Amino acid sequence: ASPTQPDDRATPLPGPESERQAPAWAVGQDHVTFHRDAVHHRWERGDFNEAGPSTCWQQLTVPVVDGHELSSHQRIVAVADIASGTSAVYMPSSAYGLINSDLDVAFLRPAIGQWIRSEATTRAGANGTGLCLNAISDQAGPVAFGTQTLLGRPFEFG
């Protein structure tokens, strides 16, 4: 395998299955939000309505820059950015959440295809902090790893 192509011997990952719409979280159902309105979500494990680790296939539905086709790196970074939301520690009903204050993504290779798989775990730390770790794949295998440093905050539904 080359640095830009997956190992042909790798077992393909299962593809995206059932789609669920993301909630609006703290901004209300009547506002346009990126994670809900610009991304399709298909779940292997977890859900927006339950706390805990998640495995979710995601497909961006709009370009990052209007008029320009999405790149592999843009799809990967967008999925990495949403990971602490798909693997939330606190339920929206708690009126408390962790937002990412820092995002690091280490790339192994470009992703193949439109659907990106996120396997994420978020942990709450002391003093209102947290950390999200995210393994990012396409159907051929790993493409990147993401880390989010998180800060806690109360929020209101609007």
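Since we're looking at a predicted model, the values are computed, not measured. Residues: numbered from 1 along the sequence shown. Quick note: numbers below take in every heavy atom, side chains included, and nothing from hydrogens, waters or symmetry partners.
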Do the side chain of Ser54 and the main chain of Thr86 share a donor and acceptor less than 3.5 angstrom apart?
yes
Would you name the heavy atoms of [X] and [Y] that are closest together and state the gap between them?
| X | Y | value |
| --- | --- | --- |
| Gln148 | Ala80 | NE2-O, 3.0 Å |
| Ala111 | Val143 | CA-CG1, 3.9 Å |
| Arg109 | Gly141 | NH2-O, 3.2 Å |
| Asp66 | Pro63 | CA-CG, 4.2 Å |
| Ile136 | Gly146 | CD1-N, 4.2 Å |

Determine whether [X] and [Y] make a side-chain contact, defined as any pair of heavy atoms from C-beta on separated by less than 4.5 Å.
| X | Y | result |
| --- | --- | --- |
| Ser84 | Leu98 | no |
| Trp115 | His40 | yes |
| Asn100 | Thr149 | no |

Separation between SG (Cys132) and CG (Asp81), nearest 0.5 Å, reads 10.0 Å
side-chain hydrogen bond (donor to acceptor under 3.5 Å, both in side chains) with Arg117: which of Gln58, Gln139, Glu44?
Glu44
Between [X] and [Y], is there shared hydrophobic-cluster membership here, with clusters defined by ILVMFWY side-chain heavy atoms closer than 4.5 Å?
| X | Y | answer |
| --- | --- | --- |
| Leu150 | Leu131 | no |
| Val79 | Val105 | yes |
| Leu103 | Ile116 | yes |

Could you tell me whether Arg75 and Asp138 have a side-chain N and a carboxylate O separated by less than 4.0 Å?
no
Let me see the working for Asp102 and Asp104 under side chain to side chain contact (heavy atoms under 4.5 Å, CB included), right down to the final yes or no.
CA-CA 7 Å; Asp102 186 37; Asp104 292 308; 3.4 Å; yes
Which pairs with one or both residues in residues 67-86 pass ring-ring contact (aromatic ring centres under 6.0 Å, His included), sequence neighbours excluded?
His73-Phe107
Can you name the residues that form a ring-ring contact (aromatic ring centres under 6.0 Å, His included) with Tyr96, not counting sequence neighbours?
Tyr90
Under the side chain to side chain donor-acceptor pair (under 3.5 Å) definition, can you give me all pairs with a residue in residues 118-136, not counting sequence neighbours?
Ser87-Thr122, Ser118-Asn134
Take atom CD of Glu69 as the centre, draw a 6.0 Å sphere, and report whether it contains more than 12 heavy atoms from other residues, nucleotides or ligands.
no
